[in-house]
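Data first, discussion second: the structure below is written as structure tokens.
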Amino acid sequence: METWVIPEVVGHTIITVLMLISLHWFIFLLNLPVATWNIYRLIMVPSGNMGVFDPTEIHNRGQLKSHMKEAMIKLGFHLLCFFMYLYSMILALIND
């Protein structure tokens with residue numbers, strides 16, 4: 001398995017569950033589709049592949065463009081989450 005895929009899935013799932021437990025519904029609903037997508041991609045890896053990002057399969061099947069598109073969408077999502085979490089933290093510090 002790949003080095004970064006499992007920690008990403010575990011970390012994202014933990015954050016999603018923590019948001020559910022702490023009743024932050026908006027952030028939970030924002031994270032749920034991405035966590036579900038990560039788990040789905042991990043489960044659907046064919047048995048002969050090295051992992052989610054098998055370099056041979058990406059280049060042989062011409063999947064480079066779709067993987068790059070997915071990477072840019074994930075980057076945008078993580079930037080959005082970063083600024084939302086930063087805003088929430090600053091708001092919590094000010095209200096204390």
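If you read the sequence from its start, that first residue is 1, and numbering goes on from there.
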Is atom NE2 of H24 surrounded by more than 12 heavy atoms (other residues, nucleotides or ligands) closer than 6.0 Å?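 Open: at most 12 neighbouring heavy atoms sit under 6.0 Å from NE2 of H24.
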Please check if atom CE in M84 has more than 12 non-hydrogen atoms from other residues, nucleotides or ligands closer than 6.0 Å.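 More than 12 heavy atoms, drawn from other residues, nucleotides or ligands, come within 6.0 Å of this atom.
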Identify whether [X] and [Y] are in the same connected component of the hydrophobic contact network (ILVMFWY, side-chain heavy atoms under 4.5 Å).
| X | Y | result |
| --- | --- | --- |
| M89 | F82 | yes |
| L80 | L29 | yes |
| F83 | I94 | yes |
| L42 | M44 | yes |
| I15 | L23 | yes |

When rounded to the nearest 0.5 angstrom, what distance separates [atom1] in [X] from [atom2] in [Y]?
| X | Y | atom1 | atom2 | result |
| --- | --- | --- | --- | --- |
| L32 | I27 | CG | CD1 | 13.5 Å |
| W37 | H12 | CH2 | NE2 | 14.0 Å |
| E70 | H67 | CD | NE2 | 7.0 Å |
| C81 | L86 | SG | CG | 12.5 Å |
| N31 | L20 | CG | CG | 11.5 Å |
| I90 | N95 | CD1 | CG | 12.0 Å |

Identify whether the distance between the nearest side-chain nitrogen and carboxylate oxygen of E8 and R41 falls below 4.0 Å.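 Here E8 does not pair with R41 in a salt bridge, since their nearest N and O are not under 4.0 Å apart.
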F28 versus T16, closest heavy-atom pair with distance: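 It is CD1-O, 3.3 Å.
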Run K74 and N38 through side-chain contact (heavy atoms from CB on, under 4.5 Å) and show every step you take. CA-CA 10 Å; K74 277 179 138 177; N38 286 337; 3.3 Å; yes
